[in-house]
Amino acid sequence: MTAIPAEQAANTPANAPKSMDAIMSLCKRRGFIYQASEIYGGINGFWDYGPLGAQMKKNLREAWWQDMILNPCWGKKGPNGQRVDCVPVETRIIQHPKVWEASGHIGGFNDPMVDCKETKSRYRYDHVSVYAPASGDAGDKPLFAYMKDSPSEAKQLKKAEKAFGTVKTIMLTDVPVANFAKVLAPDAEKVGTLTEPKQFNLMFRTYIGATAGENDVAYMRPETAQGVFINFKNVVDTCRVKVPFGIGNTGTSFRNEVTPRNYTFRSREFEQAELEFFCHPDESFEWYKFWRDFRMAWWQSIGLAGDNLILREHDKDELSHYSVGTSDVEYRFPFTAPGFGELEGIAHRGNFDLTQHQKHSGAKLEYFDQQRGELLPNGSRRGERYLPHCIEPAAGLDRGVLALLCEAYTKDESRPSPEFMKLHPRIAPIKAAIFPLVAKDGMPEIAEKLYNEVRAKFGKIGFIDFDEKQTIGKRYARMDEAGCPFCFTIDGETAKDNTVTMRDRDTGQQQRMNMDQVLPFLTAKLET
RNA sequence: GCGGACGUAACUCAAUGGUAGAGUGUCAGCCUUCCAAGCUGAAUGUUGAGGGUUCAAAUCCCUUCGUCCGCUCCA
């Protein structure tokens, strides 16, 4: 989340914050999102998708796959004037534990912490020092814990010298946990307030093998990107790809978030869609800008077109340890407004990851580029060996779904159905609905025939709904809440002149068209 | 992890310590020729879970789980 300038924060009617409660209520009611394990009381940080949510998320994933892998950037040329080439991989959630050592996920983020129950402070377990008697046992006197270079150091030293005379410093890690009851925490009044050390590793641990023990620890990936880097050489060796090119990977990742919050926004299990685009170091900044701009345009193309979406370049001091440039595509969620929450990060990762894996695995990951190097007399080039740089557009699909739902949610009290979901046709889980105006006079039969035709052609990209129950108004209203963009109704005239009405979700307007025009109409609307 | 608010039907919410209800939605029937229309009827609850106090608990107390808000954290 980021702060934004005051002039942008002003709420016009168009971007006034929507009620998150109303959105969550509709998502439950219509089967988009359920709390995971709800009948058991729920489980913190996990959410399930219902029928409409599952299809909607699939549509988003497919849109990403089409526009990033199969026809990257809608066929746009890259900054080198060539078409953009990408291939997919599908890599496992569990990899060799050394992958996460190389990536830096184990080394940097598994520090055990101890909490002080009295002062509510939290300390790095291996940073806490303790004053103990220079020789012998402390007896029934406390051990005086302190943090080096903090006020507690001098304060505790004074007390310790009074108690023991000469003192020595040991580390808290050398004090048996059973003796924590005798430790006086740095700023505490009472002894024994420190909890036993707790692991705060954000990676999920698991064990490989049916009789597995502590030597068989493995980790569930916290990002899909590493699956690409460790297969970089395989793809180069087997797939006739040439730098520059991209490798995409989608799938589930896990992070033990300290505080899962804000509906599905910060879930512990989530799906990513990541592309690692490899290029020559000299061209990397151009590619970084190219991908940054395309990713912004892409999110706009599927329905986040308003000013709730921004592209934000990170400040230098915000950059991750590996990155030389990062932008975020951010959305103004109702719960972040007037600030924004991250949907996708586009990072220039340099050659950090390939360097790390080359070092840790011992495998040579350099790329031999035969189109570079000095020109030889025979007309070919000498070639150049290098570790490609990498541009990483990394999107969160669950956050994407959430942003699209929030953006789509529209309240208009003047409509018969005051709440409706203005989902982009490409994303909408229900693509079209076919209704007989009334369930008699042969209308259901004609409707059923049209329904079968529409479903045969478009059923592979989403639901096609048929409904003859209750009044036409209720059926339109139901489709409005489900986000179905187009409803076709067979009425009394259909039998006479073969025409039906098309009712548009966003305007409520109806348009009469020949039944033969229904498939071409949907083709134009859905296959763009 | 800390502090606060909350948890009753699918949804939104009522119910002084004393028989668990309404509206909406859903379903069925009738009626209906274009916008949650009308009429009739139906189903749906261990009041988040577990314990305690009480003759009696949705209501009071404790524990726990979950949701939201503020801190903290967020490769």
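Residue numbers begin at 1 in each chain, while the letters A, B, ... track the order of the sequences.
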Give every pair of a protein N or O atom and an N or O atom of nucleotides 9-13 of chain B that lie under 3.5 Å apart, one pair per line with the distance.
{"residue": "B/A10", "atom": "O3'", "partner": "A/Lys28", "partner atom": "NZ", "Å": "3.1"}
{"residue": "B/C11", "atom": "OP1", "partner": "A/Lys28", "partner atom": "NZ", "Å": "2.7"}
{"residue": "B/C11", "atom": "O3'", "partner": "A/Ser25", "partner atom": "OG", "Å": "3.1"}
{"residue": "B/C11", "atom": "O2'", "partner": "A/Ser25", "partner atom": "OG", "Å": "2.9"}

Give [X] one of three labels, base, sugar-phosphate or nothing, depending on what nucleic acid heavy atoms sit under 4.0 Å from its own.
X: A/Gly45; result: sugar-phosphate
X: A/Met20; result: nothing
X: A/Tyr40; result: nothing
X: A/Arg30; result: base
X: A/Arg503; result: base
X: A/Asn44; result: sugar-phosphate

Q. Taking for each residue the nucleotide of RNA chain B bearing the nearest heavy atom, is the 5' side occupied by A/Pro260 or by A/Thr501?
A.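 The residue closer to the strand's 5' end, by nearest nucleotide, is A/Thr501.
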Q: Find which nucleotide of RNA chain B each of A/Ile43 and A/Arg475 is nearest to by heavy atoms, and output the residue with the more 5' nucleotide.
A: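 Per heavy-atom nearest nucleotide, the more 5' residue is A/Arg475.
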**Q.** Lys/Arg cation over aromatic A/Phe420: A/Arg505, 6.0 Å, 45° cone
**A.**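 No, A/Arg505 and A/Phe420 do not form such a contact.
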Q) By a strict heavy-atom criterion of less than 4.0 Å, which residues belonging to residues 400-423 of chain A are in contact with RNA chain B? A)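 Heavy-atom cutoff 4.0 Å gives A/Pro416, A/Ser417, A/Pro418.
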Are [X] and [Y] within salt-bridge range, i.e. N to O under 4.0 Å?
X: A/Glu271; Y: A/Lys57; result: yes
X: A/Arg292; Y: A/Glu313; result: yes
X: A/Arg92; Y: A/Glu90; result: yes

Q. Is the A/Phe32 to A/Tyr49 ring centre distance short of 6.0 Å?
A.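 Not under 6.0 Å, so no.
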Q: Tell me, please, which residues at least two apart from A/Thr224 pass side chain to side chain donor-acceptor pair (under 3.5 Å).
A: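 Per chain and number, A/Thr224 pairs via side chain to side chain donor-acceptor pair (under 3.5 Å) with A/Glu274.
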Q. Any donor-acceptor pair under 3.5 Å joining the side chain of A/Glu481 to the base of B/A36?
A.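 Answer is yes: a donor-acceptor pair is held.
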**Q.** Donor-acceptor pair present, A/Gln510 side chain and B/C34 base, under 3.5 Å
**A.**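 Per atom types, the contact qualifies.
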Would you measure the distance from the [atom1] atom in [N] across to the matching atom in [M] and give it in whole Å?
N: B/U24; M: B/A43; atom1: C1'; result: 16 Å
N: B/G4; M: B/U12; atom1: P; result: 26 Å
N: B/G38; M: B/C68; atom1: P; result: 36 Å
N: B/A22; M: B/C60; atom1: C1'; result: 26 Å
N: B/U8; M: B/A49; atom1: P; result: 10 Å

Show the distances under 3.5 angstrom between N or O atoms of the protein and N or O atoms of nucleotides 38-40 of chain B.
none

Q. Quick one: A/Phe270 CZ to B/A75 C1', roughly how many Å, whole number?
A.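 From A/Phe270 CZ to B/A75 C1': 11 Å.
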Q.
How many whole angstroms separate atom CZ of A/Arg261 from atom C1' of B/U67?
A.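 Atom-to-atom, A/Arg261 to B/U67, this comes out as 10 Å.
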Q | Secondary-structure string, 5' to 3', Watson-Crick or G-U under 3.5 Å, | for another-strand partners, for RNA chain B | A | (((((((..((((....[..)))).(((((.......))))).....(((((..]....))))))))))))....
Would you give me the side-chain donor-acceptor pairs under 3.5 Å for residues 477-492 of chain A, sequence neighbours excluded?
{"residue": "A/Arg478", "atom": "NH1", "partner": "A/Gln470", "partner atom": "OE1", "Å": "3.0"}
{"residue": "A/Arg478", "atom": "NH2", "partner": "A/Asp467", "partner atom": "OD2", "Å": "3.2"}
{"residue": "A/Arg478", "atom": "NH2", "partner": "A/Gln470", "partner atom": "OE1", "Å": "3.1"}
{"residue": "A/Asp480", "atom": "OD1", "partner": "A/Arg503", "partner atom": "NH1", "Å": "2.8"}
{"residue": "A/Asp480", "atom": "OD2", "partner": "A/Arg415", "partner atom": "NH2", "Å": "2.9"}
{"residue": "A/Asp480", "atom": "OD2", "partner": "A/Ser417", "partner atom": "OG", "Å": "2.6"}
{"residue": "A/Asp480", "atom": "OD2", "partner": "A/Arg503", "partner atom": "NH2", "Å": "3.0"}
{"residue": "A/Glu481", "atom": "OE1", "partner": "A/Arg29", "partner atom": "NH1", "Å": "3.3"}
{"residue": "A/Glu481", "atom": "OE1", "partner": "A/Arg30", "partner atom": "NE", "Å": "2.6"}
{"residue": "A/Glu481", "atom": "OE1", "partner": "A/Arg30", "partner atom": "NH2", "Å": "3.1"}
{"residue": "A/Glu481", "atom": "OE2", "partner": "A/Arg29", "partner atom": "NH1", "Å": "3.0"}
{"residue": "A/Thr489", "atom": "OG1", "partner": "A/Tyr476", "partner atom": "OH", "Å": "2.8"}
{"residue": "A/Asp491", "atom": "OD1", "partner": "A/Glu493", "partner atom": "N", "Å": "3.0"}
{"residue": "A/Asp491", "atom": "OD1", "partner": "A/Thr494", "partner atom": "N", "Å": "3.4"}
{"residue": "A/Asp491", "atom": "OD1", "partner": "A/Thr494", "partner atom": "OG1", "Å": "3.3"}
{"residue": "A/Asp491", "atom": "OD1", "partner": "A/Arg512", "partner atom": "NH2", "Å": "2.9"}
{"residue": "A/Asp491", "atom": "OD2", "partner": "A/Arg512", "partner atom": "NH1", "Å": "3.0"}
{"residue": "A/Asp491", "atom": "OD2", "partner": "A/Arg512", "partner atom": "NH2", "Å": "3.3"}

Q. Parallel under 30°, tilted from 30 to 60°, perpendicular over 60°: which one fits the rings of A/Tyr288 and A/Phe285?
A.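 Plane angle between 30° and 60°, so tilted.
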